Engineer: 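Before we start, here is the structure in question, set down as structure tokens.
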Amino acid sequence: MAARRTHNRQSLRQHHRGRLNKILSIAGDEGLIQLLWATHALQSSYANSARWFLREDTIPKGADTTEFPSEFSVHKWEIETLTNELMTVPKAKPRTHRLNRTLQIDNFTNSLRLAQRLRKLENAEYTILKAPEDIYLEMGRIGARQFDWRRGFANIPQFYRNAFVYGQGKCSEYFEQKYKISFNRFSLVGFAIFVSLTCHPVLQKDKTWDDLGISWEEVEQVLEIIALPFEQASRIAKETRRKMVHTADKPSVLRQSPCLIFGVNNTRVRAPLPELILERITSGIFYDVVSGGGVVRGDYGHRFELYCLDLLSLSMPSFLWKPEVEYRKKPNTFLSPDILSFSGGQLAVAYECKATRMSHEAMFGRNPISARGYDDLVKAIFQLWRFFSHCRRGFCEFEVADDAVGVVLTLDNWLIMGGTLRKEIFRDAEKMVHDKDAEITKIDRRPIIFIAASELEQTLSVSTEQSFLEALKQSNDKQYEGWRIDGVHRDIVGSAKINSKPYPFADKLGDLLPWWDEMHGQR
């Protein structure tokens, strides 16, 4: 019976895979990229740009909406997956006695058909290997795939945070040495490419660049970094995506190369999802500087700590804030966690910052806990517990509040809805305590909360000092297992009105990216 059920599931998967591949096999590569671009534009704030490239009679009433969900939605993450799938599916062989079938690229319903077939394939694949898994693992994968898209990449915190972390000091020097273009110019040109490809399906070479003070040579220089010819992107996709079974979990070429180049002389540049250009020129700078070695990685790690300290202290000025301090436990010297927060003279929260970028295996792998990066989270928990223990044992002078907590701040969205991973990480941290410092007692192993930088920014914008602290204290309650801090805070506050606060660095972006102020006429 079980064997028959497995066979039926495999057959269903093969059916939906075959139907999806059949549509992709008759699609022209460049034509489908244009259709996906127009579909995305239709369901964005610039829908009018799409109507030049889609037949009105193929657009159902209500399809041109940014509301989520809609019966006509083709989600951004689905467009990303379909683009990558297009790169891997062989083209249909030409017919000798009949007209060759092709996919109409001005027909919106073709996009909808592709998205619906993709969903059926992904659902069928889930029942084969994933159904017995802990649901939290799969929810984490879904979150990793969708949350950034739902939040969006076009926001000032995204630009400022990444420019602060990657666009200064050793990182900036390494970037300019590597590519022969400054971080500021790269950011400007990349943003201009994004704007152009938002309004047009093909990058326009016109006088607009001169008006912006950008040479076409600079455009080509940036495209060398963020674009690939479609054929080359296709080879990479075939190699990287074949290693994973589930279509939804496969890596995306568009994350490092959001622009695709077509034409005999590589003259036509397209981007099915222009927002990924913004992601590439902000947090995607990691791909450019991670090869710089320990000095560069140490530099962006330190700058992430400074960013978090500045953000927290400016957003919650009634607390006392301290950066890491050195203290003695003979015969050794130790450092406290990166950021210390005091309320009423007592240590209320200790923050440990980790700038490690999530690998694809960490987000979507079958055994994510074994991936690079999770050991950093285990170490962070151990460091926080050890510090609380040292305070209790008198090696550090701070008085710790009875309800003090520890926070691990991360650049990436580690442990989104990852209840199972969280348990494994804490088990490994307990083992580290046993192996390295058995004097860390149960009372020292205080609650630890994981917060990504984007979550922190969002929560601080709508919280008071006390409501934020209360959200931290309640985050480890059973009822909030797997919740993000912004969701916990929203649930705790309920209908209570808290005036939103502006992002504290909104008027300082031009200090890091001069082009921003120049574009807005402020300098």
Side-chain angles (χ1 to χ4, degrees), residues 157-190 221-222 224-226 255-257 279-313 322-327 332-340 350-362 371-384 386-387 408-414 452-454 456 505 508-509 511-515:
Q158 172 88 356
F159 271 85
Y160 184 90
R161 179 192 341 117
N162 288 288
F164 189 95
V165 172
Y166 298 123
Q168 305 181 82
K170 297 296 182 182
C171 284
S172 178
E173 292 172 8
Y174 178 74
F175 183 90
E176 187 165 356
Q177 179 185 19
K178 184 176 182 178
Y179 293 125
K180 311 306 178 195
I181 186 171
S182 71
F183 182 87
N184 179 63
R185 293 301 291 181
F186 172 78
S187 179
L188 167 61
V189 177
Q221 195 174 5
V222 171
E224 281 286 326
I225 304 170
I226 69 170
R255 292 296 163 145
Q256 290 195 51
S257 304
E279 200 276 342
R280 181 62 180 84
I281 65 174
T282 53
S283 61
I285 297 295
F286 169 84
Y287 299 121
D288 305 305
V289 301
V290 69
S291 58
V295 173
V296 170
R297 291 194 292 272
D299 182 57
Y300 66 67
H302 177 61
R303 291 190 181 281
F304 179 54
E305 296 168 14
L306 293 177
Y307 172 77
C308 291
L309 176 57
D310 289 346
L311 177 66
L312 287 162
S313 60
K322 289 181 180 291
E324 69 177 10
V325 298
E326 188 176 274
Y327 62 93
N332 300 315
T333 299
F334 289 85
L335 291 174
S336 74
D338 300 313
I339 303 170
L340 305 174
Y351 298 83
E352 190 68 25
C353 301
K354 295 297 179 184
T356 305
R357 187 83 192 266
M358 290 185 77
S359 66
H360 187 269
E361 177 66 21
R372 167 188 57 78
Y374 279 107
D375 54 345
D376 283 348
L377 304 189
V378 173
K379 183 179 178 182
I381 297 171
F382 171 77
Q383 289 170 327
L384 287 164
R386 183 181 63 187
F387 172 70
V408 180
L409 294 175
T410 61
L411 256 179
D412 263 1
N413 289 302
W414 293 85
S454 58
L456 181 66
F505 310 117
K508 296 183 181 298
L509 182 55
D511 296 341
L512 300 177
L513 297 173
W515 68 263

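Along the sequence shown, residues carry numbers from 1. Keep in mind that this is a model prediction, so the values were computed, not measured.
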Engineer: Return the minimal non-hydrogen interatomic distance between L512 and Y160, and the atom names on each side.
Structural biologist: CD1-CE1, 3.5 Å
Engineer: Identify the heavy atoms of P514 and N184 that sit nearest to each other, and give their distance.
Structural biologist: CD-OD1, 3.0 Å
Engineer: Which atoms form the tightest heavy-atom contact between D412 and A452, and what is the distance?
Structural biologist: O-CB, 3.4 Å
Engineer: To the nearest 0.5 Å, tell me how far E279 CD sits from I285 CD1.
Structural biologist: 10.0 Å
Engineer: Rounded to the nearest 0.5 Å, how far apart are CG of L409 and CD of E305?
Structural biologist: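 Output value for this atom pair is 10.0 Å.
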Engineer: Between R161 and S454, is there a side-chain heavy-atom distance shorter than 4.5 Å?
Structural biologist: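 They are in contact (side-chain heavy atoms under 4.5 Å apart), so the answer is yes.
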Engineer: Identify the heavy atoms of L384 and A350 that sit nearest to each other, and give their distance.
Structural biologist: CD2-O, 3.5 Å
Engineer: Given side chains that start at C-beta, do those of Y351 and D338 come closer than 4.5 Å, heavy atoms only?
Structural biologist: no
Engineer: I want to check something: taking the side chain as every heavy atom from C-beta on, are F505 and L311 in contact at a cut-off of under 4.5 Å?
Structural biologist: yes
Engineer: Would you please indicate if the ring centroids of F175 and Y166 are separated by under 6.0 Å?
Structural biologist: no
Engineer: Given side chains that start at C-beta, do those of R386 and F334 come closer than 4.5 Å, heavy atoms only?
Structural biologist: yes
Engineer: Could you tell me whether D288 and R280 have a side-chain N and a carboxylate O separated by less than 4.0 Å?
Structural biologist: yes
Engineer: Would you mind reporting whether L456 and L312 have side-chain heavy atoms less than 4.5 Å apart?
Structural biologist: yes
Engineer: Kindly say whether the aromatic ring centers of F186 and Y179 come within a distance under 6.0 Å.
Structural biologist: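 Ring centroids of F186 and Y179 are no less than 6.0 Å from each other.
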Engineer: Please report the interatomic distance NZ(K354) to CG(L377), rounded to the nearest 0.5 Å.
Structural biologist: 8.5 Å
Engineer: Report yes or no: does N162 contribute a side-chain atom to a donor-acceptor pair with the main-chain N or O of Q158 at less than 3.5 Å?
Structural biologist: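 Yes.
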Engineer: Does D375 come within less than 4.0 Å of K379, counting only side-chain N to carboxylate O?
Structural biologist: no
Engineer: How many angstroms lie between atom CD of E324 and atom NE2 of H302, to the nearest 0.5 angstrom?
Structural biologist: 8.5 Å
Engineer: Give a yes or no answer on whether the side chain of R297 reaches the backbone of G292 with a donor-acceptor pair at less than 3.5 Å.
Structural biologist: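 Side chain of R297 to backbone of G292: no pair is present.
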Engineer: Mind checking whether C353 and I339 have side chains closer than 4.5 Å, heavy atoms only?
Structural biologist: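 Yes, side chains in contact.
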Engineer: Within a strict 4.5 Å, meaning less than it, do heavy atoms of the T410 and D376 side chains meet?
Structural biologist: no
Engineer: Check L309 against P323 and note the closest heavy-atom contact, atom names and distance.
Structural biologist: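 Looks like CD2-CB, 4.0 Å.
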Engineer: Atom CZ of R255 and atom CZ of F286: how far apart are they, to the nearest 0.5 Å?
Structural biologist: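 Taking CZ in R255 and CZ in F286, the distance rounds to 14.5 Å.
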Engineer: What closest approach, in Å, do P337 and F387 show between heavy atoms, and which atom pair accounts for it?
Structural biologist: CD-CG, 3.2 Å
Engineer: For S172, check side chain to side chain contact (heavy atoms under 4.5 Å, CB included) against everything at least two apart and list the hits.
Structural biologist: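 Here the qualifying residues are F183.
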Engineer: Once ring pair (Phe, Tyr, Trp, His ring centres under 6.0 Å) is applied, do any residues pair with F382, and if so which ones, sequence neighbours excluded?
Structural biologist: none
Engineer: Ring-plane angle category for F164 and Y307, please: parallel below 30°, perpendicular beyond 60°, tilted otherwise.
Structural biologist: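 Tilted: the ring planes of F164 and Y307 meet at 30° to 60°.
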Engineer: Just by distance, with hydrogens left out, do S291 and K178 show a side-chain donor and acceptor under 3.5 Å apart?
Structural biologist: yes
Engineer: Can you tell me how far CD of E224 sits from CD1 of I181, rounded to the nearest 0.5 angstrom?
Structural biologist: 11.5 Å
